[in-house]
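All remarks here apply to the structure that follows.
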Amino acid sequence: MLKSSVRGDLSRLFKQVIAKKCIISPNNNNNNNNNNNNTTNCGGFTYQPILDHHLSSSSSPSDSNTSSIINNNNNTTINNNTINNNNNSTILTNLLNPTIISKPIQIQSIPSINKKTLFIGDYQTPIALQLAKVFKMKPMDLAKELSEQVLLLDSSSSSLNNLQNNLKNNLQNNLQNNLQNNLQNEINLENNLGNSMIEKLEIVNQGQISIYLKENYVKNKLIEMFTIFDPKNINKPNLQNNNLQNNNLQNNVTNKNDNLGNNKKIKVIIDFSSPNMAKRMHVGHLRSTIIGECISRILENDPQQRFTVKRVNHVGDFGTPFGMLVAYLEIENISLENLFKNLTSTEQLEKIESIYKISKKRFDSDEHFKKLAQEKVILLQKGNDEKVLEIWKFLLKISREELNTIYEKLNISLEEMGESFYSEFIVKVIDELNEKKLLKESEGALCLFTNDNVTNNEVDNVTKSSDDNSDKVDNEKNVPLIVKKADGGYTYDTTDITCLWYRLNQLKGDWLIYVVDVGQSLHFKNIFKVAEITNWIQEMNKDIIWMNNNDYNNNTINKEENDNNINDNNKRRRIARIDHFRTRSGETIKLNDLLEEAVRRAYHIIKEKNEERCKENENIEKMTEEQLQHASKVIGYGAIKYADLKTNRSTNYIFSYDKMLDFKGNTAVYILYTYARICSIIDKSKFSNEELNNLQFEILNNLNLINSIKENESEWRLILKLIEYEDILNLVIDKLEPHHLCEYLFDLSNNFSAFFRDCKVNNLNDLNLMKSRLFICESVKRIMNHGLYLLGLQTLNRL
């Protein structure tokens, strides 16, 4: 388990220095005198001082570890020796707890090597510019002071050599074991920040602090990354049944009291995909399914191992559409056995969809049929009519066959807990809402208004249709939730409220994530409000915090919105629908057809590319038909996934097969090609697997076997990008935005291309240099493999 990222190490240094300045600064004495909880506020930055701080001068570091500050404006150089001779210089010692700062220190990493951006140093921070007014100092003066103190704190900490020794001893004893668990107590970067971390600091751009890292610190980080992100350490979902069946309303799932385990990890429940049963999945389900799977994988593989994840598929299997189908089959006296004879599962589902369209027209025009359909829904929801249940179970069965086919293609793992799952809890929840006097009657229906200021006139004039649950209400501020219809039936509102109750009170979820279309914002805003007004949240000392596009806190409930509009123009729409992505006949494109078309196109592109390369180079083997089929599926499915994930989840994007399957640019094909290229480089080294394992073992035990990586800019920047990986994972977890991981893998691919262009790897006269660069290649391969897995993409060793 990683204890700290690069940004974490740097941020901690700056936080401690700023905290010390707050403690001793004359500008903040008043704050200290009036603060009962021993915190200091400095211009919006709140600091909690360490429990025991002593201000004392530091001992002089050895000459071999001298670090320096360079001021570009006056060309003065300040090294650790001159700092230590300053009687006014003080540092924090005897740290009992790390200093806590409420706002993160902004630390920027070096851009990708292909981006023409002016950037000085390996990392930068604008903290001096941000706090200059707070401390009533010029940015340049504050930057200089902070830099001096950061170097002092860095050089006075424990030597980072302890980290290398711990790694070495652990690797020797536990090489064949799970390194992630065994190194958990060994790697403690919080106590090893010092001599090998910062080489120098430069003050640039009127107060920006540029940070240059020590080579040994970077090498140690590289070894740590290599160890932790071993493919053997990837956590994969362990579901007994990918799409759990719940055909029995009285006993949906064998373990109703599942509490997600008894450990102390944060219990996360992720609701995603959630298609309607008795219908084929269409392109509108794509984003929720792909984003939800990606977020699940990332939380399951959190570097800090903080989460236990439950993936939930809240399918629509309990509403009016089933009543329409059952009523139509009964009136027309249609036998299911004869109707579906000699049809495939897909053809059966298409037949059901055609019947649904006919029944929907009759439902809207024939009052007698409408009443019959509503009666059938009530019978289904009560679960006491054998004939209705038989038809319902059959419809769910053929629906699951297509769902599982698509989930298998996309490598999606889900546990089905649809609307019907919560049927036995509905009465209990309604009784609780009644006891708390939250329900109001309107024309025989029970309504729940989440707005406290609701008049009797508004209750009497509820215009929302209890059948279509379309949220079409004149006054959106007072949209009611229909908990029970006048005829005794239940709605989506009922099952969503009950579902929320179950996840909070039965599953004891700490963090609920709903990956839904932004068009459902109003509905879920009201649903989540119920948890507040019923005290389901407050009783558990939890809060509901809505997440905007670029703002995130550790929430109890997180509504993950995504625009489902893959449209044919560049206009961004707040309420996104799929209306712009249809067939020529006006039908919404089915998801399975979309996937198969991607595979078909990928097949022809890969085959053509392979034939071209074989003509150019006779030594290249022609791909077999089996290899082509496999590669086309990996590329086809991966291209669709990546095109979706690389886009901010709140932004529309243009769906284009040509762009998705391009070998150039930010595409899955380019990244997978880079991965395959790395595999080829390693294979061409002519080292056997055993020799490669021995090579890795040698380097992990001897840091000096890694070449001087600062000699070549491309090599140095590649490794800087590698050790940034954990920071990227933390960013994705903080914001729940997978596109940051896509950008990282694209940048890493570009950096590797530059490295391979500038640095020869194989057939070198210097064997040690060759081994060092092969180790770097293997490190890139490991990180790319891990990142691609989190995105849900398979890899290819040859492309």
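Smallest separation of non-hydrogen atoms from Ile699 and Ser772: CD1-CA, 4.4 Å. For the residue pair Gln348 and Ile398, the shortest heavy atom distance occurs at OE1-CG2, 3.1 Å. Contact between Ala639 and Leu661 at its shortest, heavy atoms only, is CB-CD2, 3.7 Å. Between Arg613 and Leu799, the closest heavy-atom pair is NH1-O, 4.0 Å.
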Run the numbers on Tyr407 and Asn313 for side-chain hydrogen bond (donor to acceptor under 3.5 Å, both in side chains), then give the verdict. CA-CA 11 Å; Tyr407 290 152; Asn313 197 9; 3.2 Å; yes
Verdict with supporting geometry, Lys721 and Glu724, salt bridge (charged side-chain N to carboxylate O under 4.0 Å, His left out): CA-CA 5 Å; Lys721 182 59 65 175; Glu724 189 187 346; 3.2 Å; yes
Under the side-chain hydrogen bond (donor to acceptor under 3.5 Å, both in side chains) rule, what do Asp758 and Ser714 come out as? Steps first, then yes or no, please. CA-CA 7 Å; Asp758 299 338; Ser714 299; 2.4 Å; yes
Derivation of the side-chain hydrogen bond (donor to acceptor under 3.5 Å, both in side chains) call for Thr667 and Asp662: CA-CA 7 Å; Thr667 65; Asp662 196 339; over 6 Å; no
Determine, step by step, whether Glu300 and Arg297 satisfy the salt bridge (charged side-chain N to carboxylate O under 4.0 Å, His left out) criterion, reporting the C-alpha distance in whole Å, the side-chain angles of both residues, the deciding distance to 0.1 Å, and the verdict. CA-CA 5 Å; Glu300 288 163 350; Arg297 293 187 180 208; over 6 Å; no
Start with the C-alpha gap between Lys686 and Glu691, add the side-chain angles, then the distance that decides, and say whether salt bridge (charged side-chain N to carboxylate O under 4.0 Å, His left out) holds. CA-CA 9 Å; Lys686 298 181 181 179; Glu691 289 173 325; over 6 Å; no
Evaluate the criterion salt bridge (charged side-chain N to carboxylate O under 4.0 Å, His left out) for residue pair Arg400 and Glu416; output intermediate values, then yes/no. CA-CA 10 Å; Arg400 289 194 185 101; Glu416 183 185 314; 2.8 Å; yes
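No side-chain donor-acceptor contact under 3.5 Å links Ser685 to the backbone of Ile681. For Asn610 (side chain) and Ile606 (main-chain N/O), no donor-acceptor pair under 3.5 Å exists by modelled atom type. No side-chain donor-acceptor contact under 3.5 Å links Asn301 to the backbone of Ile234. A donor-acceptor pair under 3.5 Å is formed between the side chain of His285 and the backbone N or O of His282. A donor-acceptor contact shorter than 3.5 Å is absent between the side chain of Lys771 and the backbone of Leu705. In terms of modelled atom types and a separation under 3.5 Å, the side chain of Tyr642 and the main chain of Asn666 share no donor-acceptor contact. Between the side chain of Glu353 and the main chain of Arg280, a donor-acceptor pair closer than 3.5 Å is present. Looking only at distances, a side-chain donor or acceptor of Asn751 sits under 3.5 Å from a matching main-chain atom of Arg717. Looking at Arg649, its side chain does come within 3.5 Å of a backbone N or O of Leu736 through a donor-acceptor pair. Gln696 places no side-chain N or O within 3.5 Å of a backbone atom of Phe775 that could act as its donor or acceptor partner.
To the nearest 0.5 Å, atom CG of residue Leu774 and atom CD1 of residue Ile678 are 12.0 Å apart. Distance CG/Leu339 to CD1/Ile352: 6.0 Å, rounded to 0.5 Å. One distance of note links CD1 of Ile733 with NE2 of His740; it measures 12.5 Å at 0.5 Å rounding. Of the inter-residue distances, the one linking Lys646 atom NZ with Glu743 atom CD reads 10.0 Å to the nearest 0.5 angstrom. One distance of note links CG of Asp644 with OG1 of Thr647; it measures 6.5 Å at 0.5 Å rounding. In this structure, the separation between CG on Leu745 and CD1 on Ile783 is 9.5 Å, given to the nearest 0.5 Å.
For Phe752 and Phe755, the gap between ring centers is short of 6.0 Å.
Under the 4.0 Å criterion applied to side-chain N and carboxylate O atoms, Lys590 and Glu350 are not assigned as salt-bridge partners.
With a 6.0 Å cutoff to the six-membered ring centre and a 45° limit on the axis angle, Lys279 counts as a cation-pi contact of Tyr356.
Under the 4.5 Å side-chain criterion, counting only non-hydrogen atoms from C-beta, Ile295 is in contact with Leu299. Looking at Asp658 and Arg601, their side chains come closer than 4.5 Å, going by heavy atoms from C-beta outward.
Under the side chain to side chain donor-acceptor pair (under 3.5 Å) test applied with Asn592, the options Glu597, Lys409, Glu402 reduce to a single match, Lys409. Only one option out of Phe663, Tyr675, Phe746 pairs with Tyr670 in a ring-ring contact (aromatic ring centres under 6.0 Å, His included); it is Phe746.
In this structure, Tyr725 and Tyr744 have tilted ring planes: the angle between them lies in the 30° to 60° band.
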